[in-house]
Structure formats: C-alpha cells, structure tokens
Number of protein chains: 2
Amino acid sequence: MEGEPTLRLRIFDLNCWAIRYLSKRRQERVRLIGDALRREGFDLVLLQEVWSEQDYSDLRMKLAGCYPFSHYFRSGVIGSGLCVFSRFPILDTLLYQYSLNGYPYMLQHGDWFCGKSVGVSVGVTAPLLSLSLQLHAEYCREKDAYLPHRLVQAWELAQFIRHTSKAADVVLLGGDLNMHPEDVGIRLLRGWTGLRDAFAEATRFEGCKNGCTLVPDNCFTVKSELLPFPLGIRIDYILYKAISSFTVKCEELKTTTGPAPGTDIPFSDHEAVMATLHIQRRGQPVGASLGTADLVDVVTEARTEVGVGLRAAQRQRYSSGRMAVLALLLLLLQAAAALGILAGLGAEQPFPKLSFCLLAFLALGALVLATGLHLFHTMEVKMLHGTEDQMWMALRALQERP
Amino acid sequence: MEGEPTLRLRIFDLNCWAIRYLSKRRQERVRLIGDALRREGFDLVLLQEVWSEQDYSDLRMKLAGCYPFSHYFRSGVIGSGLCVFSRFPILDTLLYQYSLNGYPYMLQHGDWFCGKSVGVSVGVTAPLLSLSLQLHAEYCREKDAYLPHRLVQAWELAQFIRHTSKAADVVLLGGDLNMHPEDVGIRLLRGWTGLRDAFAEATRFEGCKNGCTLVPDNCFTVKSELLPFPLGIRIDYILYKAISSFTVKCEELKTTTGPAPGTDIPFSDHEAVMATLHIQRRGQPVGASLGTADLVDVVTEARTEVGVGLRAAQRQRYSSGRMAVLALLLLLLQAAAALGILAGLGAEQPFPKLSFCLLAFLALGALVLATGLHLFHTMEVKMLHGTEDQMWMALRALQERP
C-alpha cells in the first residue's frame, strides 16, 4: 500500500446460509455465488455460514484464478463457517473463539455447536487487518435470552480488535452481527473500537431500503419473523477504521436485491453487502469515535445487560446444583433401600424390581444432566463476571481520562 | 517509561498450587506468599493456580498498600487460576482461552475444567504487555498424550503474542509452561515470537541448580515423578522481548530454594522465579531470534506432532461414532422387540422386564456417552486441523522470505 497514492478496495460480504441438508437449494446457490464472485472480481471476499468444507473447496477451485489466496477457519463441532478469499496475499491468520456462545442443550438454536469466532486475516502486504465474523443469533427480539452472550461477544470482539489492530493501517470487519444498527452491542463495538459503518459513511448507496440485509422480499426469509419490520432489518455490516496516517472513505455501498442475475433465486436468505473503499496515505482519519461521555453511557448500558445475564446464570447454576443434590439424595436413598433388602429387611413383601430399576435410572439420568448443567452455568457465570469486571475497569479508565 | 533513561523492573512469578481441599497447607502458604510479596516489594507479580477467589481477595487485601493494582482472570469451570498484582496501573486486560485443553473425561487430570488461558494485562503507561499463563500439564513424559494439545496451546500463544504485542515496547511473559527448556513447544514459542529466556540471559543467577523450579528437595513435590531428573526440572519461566527502540537486559535471576524464611514449608510445590530487568530506551534490541532455517525446522517438528495428534483424534472420533451407532442400533432393536411384545407376538413366553430395562438403560447411557465423545473429538479434530493449516501457512511464508 505504501508509495501508492490511493488504493481502491472492493469488498464483498455475505452470510451464505449454506447448511448441509437444511438450507434450501444450497449447492445451486453456492455455485451462483462462485460465478458472481468470479465475474465481479472483488479484492476481498468475506463469507459466513459456509458450514461445509466441501462447499469451501468447490469455491476455492472455482475462484483460484481471480482470488489466489483464501483461508477457511475451523472451530467448534460443525465449524466456524467463516472463510475469506483475497486477491492479495494473506500473510497470517488467527482465530479467536468467543468464550460464550449459547447453550448446548438449545439444540433448535444450533449456535453452541458452531464455534462462533472471529477469523482474522492479515494481508495486502501486512497493513490490512480484515475480520470475518458472526455473532450469536437473535431468536426473539422481545425476550432476547441471548443478549448477554451477544454482548460478551461484542465486548470480546472490541477488545480483540483494540489489541490486535495496533500495527495495522486499516481494520476492516465484515459479517453478520445479528444486531440492529441502534442496538447496544453495535454501539458498544463501534464506540469502543472507533470502527465506522460503511452504510452510514457511504457517498453513494444502492440496494435495499435503509441498507437492510434481511428483507421480506427474499424468498428464503421467514416472513413471520420479519412481521414487525416491513422493510426488513440491517444486521450484516461492513465496518472499517483507519489507523495512523491513513484515511479511508467509503465511496459506494451496495446490497443485492432480488434474485441473482439470470436465475429465480437470491444468493442466500441474507443480502450481500458490497463496499468500495478508498484508502489514502497522509491526512487525519476522518470522523471521530464517540465522546467520552457517550462511551461511558454505552459501556454502562452494556454492563447492566451483562449483569442481568449474570444474575440469570447464577439462578440457573443454583437450581441445577439443587437438582443434582436432590437426584444424589434419591440415589443414596435407593442404595440404602437396596442394602436393606439385601440385609433381609422387609423380605416378607415382594420387591418391585422394575419400578426400583426405572427410578434408579431416572435419578442417575437427572444427576448426570444436572451436574452437566451446573458445570456449564458455572463457566457462564465466570465469563459474565469476568466481562463485567473488564467493563468496570474500562469505565474507570474512561472516567479518569482528562 | 518515556523520558526515563532506565527502568529497573523486579518481577515475581510463581505457580502457587492453591487448590481448595486438595493442596496441602494451602491457607498457610498463601499467607506466607502474601507476606513475602509485601516485604520484597516487587514491581509486578504474576501468579498461577490461585484457584480460589477467596485466596485472591485475601491477597489483594493484604497487598493493597504496595501493589495497588491487581486483576483476577475468570474462566472455565474452576477458573483460570491466574492473577496479577502490580505497582503500576493496569490499563486494560484481555483473556485468551486456548481452543484445546485436555479431555473432560480425564477427571484425574483436571486441566479441561480449569479453562487454561493467557491473562494479558497492559500496564505501566501502556508500553508493557505482561502475560501470565499456564499450559496443559505433562503427566507422563514417555507417553505424553497431551503433547499435541500443548503444542496447539504454544502455537496459539505465540500467534496471540505476535498479534497483540505490536504496540507494546516490552513483552513480558511469566508462567508455568509445563515444558522443559529443550522441548519443541518452548522452541516453537521462543522461535516464533523472539522471546528470550531470562534464565539463559541473566548476568547473575542464584537459586536451584540449572534454574529448576520443580525439585525433589521441595517437600510437596511427588518424588516418584522426578526420579528420572535427580536435579529437578525447569518448567516455570520468565520470558521477555523488547520491541521497537527499547533494550531489555536481565540483570539477575533467582529462584526460591527450601522453606520460606522463618517457617518449615516452601511457598508451593513449584519454586518461584524472580527476575530483575533493565529496560532502556534507544539502541537495538540485543540478541536475535532464530534464523529462518532453524525456525522452519522447529515449526515443521511441531507440525508433525500436531499431525500425530490429529490422526489420534480422528481415530477416537471414528471409534466413538461407531460406538454411538451400535448403541443406537441396540436401542432400535429393543424398541422393535418391545413393539412386538405389545402387538401380542411371543406372548406365550414370560417377558424379562428387568433385564430388558437394564439393557435399555445401558444402551441409552452408551449412546449419550458416545455421542458426547464424538462431538468432543470432532471439535478436537477441527482445532488440530486448523493449527496444522496455520503452521503450513507460516512455513510457506518463511520459505518465501528472501
């Protein structure tokens, strides 16, 4: 980048919704995405929810000519689903897994199994740090049980960006944040890192109204979930930040609308976000991050939500612990009864072997389950508590700022 | 640090072995550690295995006068056990959890439950990045089943240091690495980050022979484990690195020997490591890291070991998957038999309710267990595979170096 007066960088970001056996017309869509990427020739492509390594390999084969560099981030049971294709060399990669990511027993919300993480690739001769990521999904906006987890993720992400971006000239983040633009998690992430929203900064915009990326017009979206939002919602973002003596301007932002060219289906249930950035040496970074007072407000708000989550997790830890103790007591009682029988007590009455066996089985099952839950919620409490502490430290540092 | 010609930094590092109910004379030893820290007045204290938050709180109360800044890192079921006390302000903290850390079913080796992590604190007016950490324990040197996990941790740690240290002037790492100085993990960590070993660099040394920190003379160590090493082993380290225009020199390194002053017991089963560093502005960093050829060798060696671990994990994933399928088949067979009985088939023979119940219970237990194991080993495979990939990318980058 050095020595070059202006670098024009075209970025493509898409949540591909490519879940094997579950996503509709997956292979066809992955093929369409590959075709479009090859045709358009972006500089950097950040994809999420590419859950199958086969799909990644197919894409890589197809795109080898125009995107010679790529990386697939592996984590969790299923994978992280993240991959990146680049026209410029990827010099290094790093994977950061969030410490909290939903509950293993919420099988219908598969987040826990996905190993959600940030995939970082350092490339374009080192100064560009690009992050591809996905945060925990929001399943119910009114009663969002995952808000504390998503806030912990947003905080960890912000801290991670602060600590890893210092040697970069430009930080670029693309992904499905699963948060609306005004949500506390987005405000926290943007405020704490100084990242700017390409949609808000773009000189030209073209695409779905308000930059929405999950729209009712898309044939794959669940219409009932979008009922309160007739225009759709914006949850996929391209965020960026210039460090040191660089400036970044967003010349143009686009989203896809309707079906992919020449077909009857869109690329995914999400719309793709495409940004054209101008990166220039010299000059002061445009636009400041939040003022201290605003930052204190947003960190305080986030910390309150994390505190709510902490108390809920403490209650769950307590009740699962109590259940484990009760199950253990029942088992001990049964053992005592069995010993009594063996010792010849109550031999005059017939012993109900089957019910006894079933009861023992139930008690043992409850014990194992409750112990597992107790351990899980103990970890959850530790992480929420740790995040609350870190936020408190951040608030203290903010308040001591001159 | 700026403007000051030389900073003399005294650092204390100790694996405190403070496990509630398990560690011998824990409270007494924590009190002794607190007394010594207050008396000696170090600049920075990095402690590991402080598993009880109560112990941390007690230490914090006691040390508030001489170490006004401290942080306890929370993670995992039990905690990370890491804490840091500092005479200088701690500006920010960050916790990085390793993606692999042993097996949950190896209850006798509690590593999985500990949430082993690196605690990073940024302090002394920002330029000092200090890390406190502990890697997976080695339980059997001859047949070290955890070597791939420890190597993944060493690699993640090295990558983490590379990415977070760029804005720091000095990186300082203290902890129980559970590796001997010549082990591939240590060589990987040092080679890939350029960290230098305070023991090797120290102008003066005082303490146990060869700088050993787990010695047979310590009354808490398990003598049988140290039989092949009559002098003991060195597994606790202070490593450091100067960045940009700073130089760091290790003036003195000490380890504790024998019982704490005025008592009959040592601080812990590990010996403490104490370093006095001189940090100076201007001048070139002393001592280079490994040459490219050596670095290629060590990364290749580490990658081979990770590959061995990967194949073992794949075998375990396969066999647990097969066991789950067999258990499921057995359950289905039983369900078919039960349906047959209900449909009136074989009604002339007495139905063995109890054995049937017990068998179903066993099959269900095996199914749950095997599925859990399968999921766990799937994650393990992903992480080992991901690390192998990252190392391959690193090797390619090394080989392309001019």
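Below, read A as the first sequence line, B as the second, and so on, with proteins coming before strands; counting in each chain starts at 1.
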CZ (B:R162) with more than 12 external heavy atoms under 6.0 Å:
yes
Where do B:H71 and A:D389 come nearest, in terms of heavy atoms and distance?
CE1-CB, 4.5 Å
Nearest-0.5 Å distance that lies between atom CZ in B:F73 and atom CD in A:Q390:
8.0 Å
Find the distance between CZ (A:F69) and CE (B:M393) and round it off to the nearest 0.5 Å.
10.0 Å
For chain B, which of A:R396, A:Q159, A:E156 has the most heavy-atom pairs under 4.5 Å?
A:Q159
Give the intermediate values and the outcome of side-chain contact (heavy atoms from CB on, under 4.5 Å) for residues A:E388 and B:R74.
CA-CA 11 Å; A:E388 215 189 17; B:R74 290 182 178 83; over 6 Å; no
Less than 4.5 Å to any heavy atom of chain A: does that hold for the side chain of B:E53, its backbone, both, or neither?
side chain
